There are 2 protein chains.
Amino acid sequence: MSTGFELPLRLLLGFRVLIDELHEELARQGHPGLRPMHGFVFQAIGPDGTTAVELGRRLGVSKQAAGKTIGALERLGYVERGEDPDDARRKVVRLTERGIDCLVRSAHIFDGLRDRWAAVLGEERLAAMEADLRKVTPEELFRPDFPQWFGGH
Amino acid sequence: MSTGFELPLRLLLGFRVLIDELHEELARQGHPGLRPMHGFVFQAIGPDGTTAVELGRRLGVSKQAAGKTIGALERLGYVERGEDPDDARRKVVRLTERGIDCLVRSAHIFDGLRDRWAAVLGEERLAAMEADLRKVTPEELFRPDFPQWFGGH
DNA sequence: CTAAGATGGACAACCAGGTTGTCTAAAATA
DNA sequence: TATTTTAGACAACCTGGTTGTCCATCTTAG
């Protein structure tokens with residue numbers, strides 16, 4: 001019963017399982033209240049920080065929407081705004097210590113989840129799945145405009 | 001470079017590739033303007049039709065929200081409301097001929113996309129991927145509350 | 001070197017899609 | 001038969017997105 005119909009749903013379901021378990025574990029480790037899309041935002045901000053305009057471009061939303069998202073994450077203590085000494089117009093958005101802690105923990109948790117899958121499937125089979133997926137998906141891992149892409153009637 | 005970080009994103013990317021190609025092809029075949037989530041709604045409606053209350057329950061949203069979605073799809077010509085002879089309160093929502101056409105074409109397109117993946121990866125490897133995904137994901141394929149699940153800051 | 005244009009960010013008004021609350025008609029039940 | 005439950009419509013509101021406008025600042029053309 002391998003209809004083409006099952007494949008996309010299994011892929012999505014796999015993603016969902018991993019993300020759900022990530023957030024359960026993050027909540028246990030002191031980061032409750034985060035939503036799946038926050039990970040995308042953190043990644044889009046990057047290690048060197050960014051600006052509202054640039055963040056909006058990366059996320060595929062307007063700079064105003066990006067500004068609101070930044071404001072929300074700032075209130076949660078995950079990002080902070082700083083001045084740019086080279087350009088008085090720009091406000092650089094950076095991850096706070098708490099934001100970085102969240103990223104580090106996420107990486108560890110993802111590694112642990114991958115280990116669990118490897119224990120069930122075998123490391124060889126899991127590596128094969130990853131290799132195969134690489135063959136049929138674009139190089140660049142991050143398509144942070146995903147939330148935008150999916151929503152909307 | 002198999003960090004646990006890559007796996008979920010590859011799964012999501014695979015899903016996205018398939019869905020994007022599905023909608024490109026659907027647009028070519030006379031169904032433009034459909035969004036990824038419409039497929040979920042069609043599936044949630046099912047072959048026998050449903051009601052706004054039941055649809056809301058399946059999609060994980062309020063009956064009012066389901067009603068609005070139904071209204072939008074009705075305007076697009078994909079569903080229609082009919083009376084229930086056994087219960088004058090209920091308005092049964094059913095797929096129109098156009099809605100069914102869309103579902104049939106989607107099934108064919110998904111089959112074709114799976115064939116393309118099989119040509120790249122080999123039928124055996126693809127079947128292995130599907131089998132492995134089944135081992136690490138829930139039985140029930142449909143979690144139509146996905147849009148709801150992902151969104152939200 | 002200055003004047004014109006481009007850019008980053010804030011603010012306001014609006015829109016879409018979700019929410020809850022209230023209401024009516026019809027069905028189920030005590 | 002009287003009461004309670006249910007399906008659906010309508011209204012008010014909330015959130016997170018949109019565009020439009022504005023100002024301050026940087027960049028660039030003359």
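Here the structure is a predicted model, which means the values were calculated and not measured. A note on names: the letters A, B, ... follow the listed sequences, proteins ahead of strands, and every chain is numbered from 1.
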What is the separation between atom CG on A/Leu59 and atom C1' on D/dT18, rounded to the nearest whole Å? 15 Å
When you check every protein heavy atom under 4.0 Å of nucleotides 22-30 of chain C, what one-letter string (B, S, -) results, 5' to 3'? ----BS---
Round to the nearest Å and state the distance from B/Arg81 atom CZ to D/dA7 atom C1'. 12 Å
Can you name the residues that form a ring pair (Phe, Tyr, Trp, His ring centres under 6.0 Å) with A/His31, not counting sequence neighbours? A/Tyr78
What is the distance, rounded to the nearest whole Å, between atom CZ of A/Arg90 and atom C1' of C/dA6? 15 Å
Is the closest basic N to carboxylate O distance between A/Arg114 and A/Glu123 below 4.0 Å? yes
Whole-Å distance between D/dG8 C1' and B/Glu54 CD? 15 Å
Atom CD of A/Glu83 to atom P of D/dA24: distance rounded to whole Å? 16 Å
Please classify the nucleic acid contact of B/Thr51 as base, sugar-phosphate, or nothing, using heavy-atom distances under 4.0 Å. sugar-phosphate
Taking every non-hydrogen atom, the tightest pair across A/Leu26 and A/Ser106: CD1-OG, 3.7 Å
Using atom CG of B/Asp84 as one end and atom P of D/dA7 as the other, report the distance to the nearest whole Å. 11 Å
Identify whether the distance between the nearest side-chain nitrogen and carboxylate oxygen of A/Arg105 and A/Glu25 falls below 4.0 Å. no
Counting only side-chain N and O atoms of B/Ser62, is one of them less than 4.0 Å from OP1 or OP2 of C/dT19? yes
Distance check: side-chain N/O of B/Lys91 vs OP1/OP2 of D/dA9, anything under 4.0 Å? yes
How many whole angstroms separate atom CD of B/Glu74 from atom C1' of D/dG8? 13 Å
If you measure from the Lys or Arg side-chain nitrogens to the Asp or Glu carboxylate oxygens, is any gap between B/Arg10 and A/Glu130 under 4.0 Å? no
Taking the side chain from B/Thr51 and the backbone from B/Arg90, do they hold a donor-acceptor pair closer than 3.5 Å? no
In this structure, how many angstroms lie between the P atom of C/dA10 and the NZ atom of A/Lys68, rounded? 13 Å
Salt-bridged, A/Asp101 to A/Arg98, with N to O below 4.0 Å? no
